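Worksheet: one structure, shown below.
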Amino acid sequence: MSIWFYITIITGFSLIYYGYDKKKSYELKGKQIELEQKKLELEMKKLEKEREL
């Protein structure tokens, strides 16, 4: 086997790992945005409760 075969294999695995890492990063960012949205909803409910009193 030539060196080009190994270079191709290493490059392929690197690209697969990079894609996996980016996917996980985007999923984490989505969860963080979802958490912030829930925090805002909770704060709005608290303010509505205070307003009623």
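For the numbers below, each heavy atom of this structure counts, side chains included, while hydrogens, waters and symmetry mates do not. What you see is a predicted model; the values in this text were computed from it and never measured.
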(message) Within the supplied structure, the quantity of interest is the number of heavy atoms (other residues, nucleotides, ligands) at a distance under 6.0 Å from I3 CD1; does it exceed 12?
(response)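 No - once you tally the heavy atoms of other residues, nucleotides and ligands closer than 6.0 Å, there are 12 at most.
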With a cut-off of 3.5 Å and sequence neighbours excluded, list every side-chain donor-acceptor pair involving residues 30-53.
none

(message) As a test of understanding, state which of T8, I7, I9 forms a side chain to side chain contact (heavy atoms under 4.5 Å, CB included) with T11.
(response) I7
(message) Can you pull out every salt bridge (charged side-chain N to carboxylate O under 4.0 Å, His left out) where at least one residue sits in residues 2-29? Sequence neighbours excluded, please.
(response)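 Output for this query lists K24-E27.
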